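I have placed the structure first, in the form of structure tokens, so that the comments after it can refer back to it.
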Amino acid sequence: MWSTYDDYYKWLLSQNTTPGDMRLLFGLVPAYPVFMFLGICLVILVTAIQMNRRKIPLRELEIGILIIVPIGIIGGTFFGKVFLPNYQSWSNFYKVFFFWQPGMSFFGALLLGSAAGFGWFYKRSKVTQISMWVYLDLILVNILLGHALGRWGNLYNQEILGNPVSYESISWMPNFIKHRLFYFPNLMYYENSLEPGRHIYDDPLWFKSIYSDGILNLSITNNWKHIETGETLTELLTNKNLFQYRSPLFLIEGLGNIILWLLITFGVRNINRFSNKKNNPWSLQPEAYPSFWNPKFKSISEKKLIDWYTLAPVKYRKVKITNEDGESYELTMSLRSVWNKAYYWVEPDYESNKKLFSQIEEWKSDLYNATLKYQSDKKQFKIKLEKMKNEFNKKYKFTKSNLQEELKTQYKNNVTLEKQKMKEKQIEFNNKFSFGQRYLGVNPYGKELEKANNPNGFIVTRCGVSAGSYILGYGILRTILETQRQATEYMIPNHVVVNFLVLSLIILTGIFIIVMTQFVIPYKWREIGWLYEKTY
């Protein structure tokens, strides 16, 4: 409809439209809300595909979307605007919830959205018996794709840019990117006639006074020196001497998000497929896993193949083999199929699991009964002490003064004796069940359960590691990119120390989640019948 920026801008003026921001020159609609919506749709689509591949019901995701997305948007717009001066007055504070206006904090959206998602999926995990970490792995990592798409919207809107660069260093980029990589230099301010920090292109009267009939008659105040020009707006955009070009910070972040998604999805989740050089399926039983990585059997005849029942069908590929006996067809497997057959889809030993299940259920019953008895003993103890106190007070009033001291001593001794009995019961209860078992849900049979489900001791990536890798990876990426921002553009504007402390905390949180989900949680909190990286 508009062939040049000049035609579009003339249309804006003819509609009596207030420009408000130079970013309107680069698009016909506010780009970020559109890209944000598309990013959310992309996250949902990819997550649904991955959940469907793992045979996970989508009902929880469908309801979760209705809870998480609105809360995440509220968190994003609130934390993105609450620190800005324009929204800190009571008359404008309600506008911090206008998510369609510029000023969205990704970390704010992630914080509130993740809190809502954590609560919802944790509650539903008790019903579905699908670990909350499975849901987090599938959803959090895919946020990288939606975030990358959103960053294209930020770039399209000509928002936050990086450090200054020369025009020559970005001359190789296409115009639709290159013409968005500039800030007006500091001389482009009304130092006397506008509020401090307000750009002259925020003033519609300024635009209308300098732009008419497709010709830009620009007057720039720089130490009271006037420069006159008769360039068109399109020509002005290519004037490398006027604009301060900068590195495409959001473009870099978007590409970094995509790379990080690829590393986690195809690297971290499958690290076991490349790391087990000795303890791998084809080393344990070569005839069961013909594959390119099997040094003994790249392929094998169907008669010699060792097969067994798995919880899902294993895919084999037929390859044509030519030898001295003629042509024949043999079977081979992909690396994914090898690990599905050896670990993820292998049928569990039901007899050993049945015995272990009985032990766990017996232990839970003992803990439940012992807890009820201990709580009952504590109540009886308090009642008995109260009764002893009342009886003592009655006797004390009617006892002769020379016998009152003896009665008081006897009462104290009885109280001490009852406290000692209660203390012994408490010690007995604590010795039988640890603090973690009593209050944190630790399963004392966790190691045995893990061994029963991984008898060969394969090194595998546990559920939750991908979520932790996302937090760690994005924290590192954002910390690096934050050094390219101005202080007013930080996650927490104008607070350098606090800003980087928060980013450091995010990185440490990612490391903590990885360590816990890989090395601690599988041996402490797992239950029979639940879905983790595999069904237990």
Side-chain angles (χ1 to χ4, degrees), residues 46-58 128-131 133-138 141-142 262-319 329-350 352-353 449-467 469 517-518 522 526 528-536:
V46 176
T47 301
I49 292 173
Q50 292 181 352
M51 291 178 69
N52 188 58
R53 290 186 66 182
R54 292 202 62 183
K55 311 300 181 186
I56 297 174
L58 298 180
T128 63
Q129 292 191 323
I130 298 173
S131 172
W133 293 110
V134 174
Y135 289 116
L136 293 183
D137 276 352
L138 293 172
V141 176
N142 293 327
L262 292 172
L263 288 174
I264 296 174
T265 303
F266 300 102
V268 172
R269 289 177 178 172
N270 302 310
I271 197 170
N272 61 301
R273 300 177 185 179
F274 307 101
S275 62
N276 293 285
K277 293 183 178 180
K278 294 182 179 180
N279 188 17
N280 52 53
W282 51 86
S283 296
L284 298 175
Q285 202 162 30
E287 294 86 351
Y289 308 101
S291 64
F292 173 80
W293 295 268
N294 188 336
K296 294 184 179 181
F297 296 96
K298 304 295 182 185
S299 61
I300 195 171
S301 65
E302 193 168 355
K303 292 181 180 179
K304 294 181 180 179
L305 176 69
I306 298 176
D307 202 7
W308 48 74
Y309 177 79
T310 54
L311 299 176
V314 176
K315 293 182 179 180
Y316 297 95
R317 293 200 317 268
K318 286 187 176 182
V319 293
Y329 287 92
E330 294 185 349
L331 300 178
T332 187
M333 307 170 68
S334 66
L335 189 59
R336 179 184 182 87
S337 295
V338 166
W339 280 99
N340 285 341
K341 180 179 179 179
Y343 177 73
Y344 294 104
W345 294 348
V346 66
E347 185 181 17
D349 185 345
Y350 289 107
S352 61
N353 278 354
L449 183 61
E450 161 58 24
K451 187 176 181 180
N453 285 273
N454 187 14
N456 295 312
F458 293 133
I459 298 173
V460 294
T461 303
R462 307 293 184 179
C463 66
V465 172
S466 295
S469 298
T517 53
Q518 181 69 28
R526 297 211 162 174
I528 289 177
W530 283 56
L531 175 67
Y532 302 104
E533 59 275 354
K534 62 176 291 187
T535 300
Y536 267 40

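All figures in this text were calculated on a predicted structure; none of them were measured in a lab.
- Side-chain N or O atoms of Lys298 include one that pairs as donor or acceptor with a backbone N or O of Phe292 at under 3.5 Å.
- Within the 3.5 Å criterion, the main-chain N or O of Asn456 finds a donor-acceptor partner in the side chain of Asn279.
- The backbone N or O of Asp307 sits nowhere less than 3.5 Å from a side-chain atom of Glu287 that would complete a donor-acceptor pair.
- Pairing each heavy atom of Val268 with each of Thr461, the nearest pair is O-OG1, 2.8 Å.
- Residue Ile49 holds its CD1 atom at 9.5 Å from CZ of Arg53, rounded to the nearest 0.5 Å.
- With rounding to the nearest 0.5 angstrom, the CH2 atom of Trp133 is 13.5 Å from the CG atom of Leu138.
- Within the 4.5 Å cutoff, side-chain heavy atoms of Val346 are placed close to those of Trp308.
- Rounding to the nearest 0.5 Å places CE of Met333 at 12.0 Å from CH2 of Trp339.
- For the atom pair OG (Ser299) and CG (Leu331), the distance works out to 8.5 Å, reported to the nearest 0.5 Å.
- By the salt bridge (Lys or Arg N to Asp or Glu O under 4.0 Å) test, Glu450 is found to be paired with Arg462, residues two or more places apart in sequence or in another chain being considered.
- Remark: Asn142 CG to Asp137 CG distance equals 10.0 Å, nearest 0.5 Å.
- The backbone N or O of Lys341 lies less than 3.5 Å from no partner atom in the side chain of Thr310, so there is not a single donor-acceptor pair.
- Nearest heavy-atom pair, Val314 versus Ser337, reported as atom, atom and distance to 0.1 Å: CG1-O, 4.0 Å.
- Taking the side chain as every heavy atom from C-beta outward, Ile130 and Pro57 approach each other to under 4.5 Å.
- Remark: side-chain polar atoms of Lys315 are not paired, donor with acceptor, to backbone N or O of Arg336 under 3.5 angstrom.
- Taking both residues in full, the closest heavy atoms of Val460 and Gln518 are given as O-NE2, 2.9 Å, listed atom of the first, atom of the second, then distance.
- Environment of CD in Glu302: sparse, with no more than 12 heavy atoms of neighbouring residues, nucleotides or ligands closer than 6.0 Å.
- By the 6.0 Å contact criterion, NZ on Lys296 is open, its count of non-hydrogen atoms from other residues, nucleotides or ligands being 12 or less.
- Across Ala452 and Asn353, no two heavy atoms sit closer than the pair CB-OD1, 3.5 Å.
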Evaluate the side-chain contact (heavy atoms from CB on, under 4.5 Å) criterion for residues Tyr316 and Leu305: first the C-alpha distance (whole Å), next the side-chain angles of each, then the deciding distance (0.1 Å), finally the verdict.
CA-CA 11 Å; Tyr316 297 95; Leu305 176 69; 3.8 Å; yes
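- Ring pair Tyr536/Tyr532 is perpendicular by interplanar angle, where above 60° counts as perpendicular and below 30° as parallel.
- Across every non-hydrogen atom of Ile300 and Pro290, the tightest pair is CG2-CG, 3.5 Å.
- The backbone N or O of Val134 lies less than 3.5 Å from no partner atom in the side chain of Arg54, so there is not a single donor-acceptor pair.
- Taking the side chain as every heavy atom from C-beta outward, Tyr343 and Pro281 never approach each other to under 4.5 Å.
- Contact detail for Pro313 and Trp345: the closest heavy-atom pair is O-CZ3, 3.2 Å.
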Could you go through Phe297 and Glu330, starting from their C-alpha distance and side-chain angles, then the distance that decides it, and tell me whether this counts as side-chain contact (heavy atoms from CB on, under 4.5 Å)?
CA-CA 10 Å; Phe297 296 96; Glu330 294 185 349; over 6 Å; no
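- Without hydrogens or angle criteria, Lys534 side chain to Asn453 main chain gives a donor-acceptor distance under 3.5 Å.
- In this structure a side-chain-to-backbone donor-acceptor pair under 3.5 Å is missing from Asn294 to Trp282.
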Set out, in order, the CA-CA distance, both residues' side-chain angles and the distance that settles side-chain contact (heavy atoms from CB on, under 4.5 Å) for Ile56 and Tyr135, then state yes or no.
CA-CA 9 Å; Ile56 297 174; Tyr135 289 116; 4.2 Å; yes
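- Rounded to the nearest 0.5 Å, atoms CG (Leu311) and CG (Asn340) are 11.0 Å apart.
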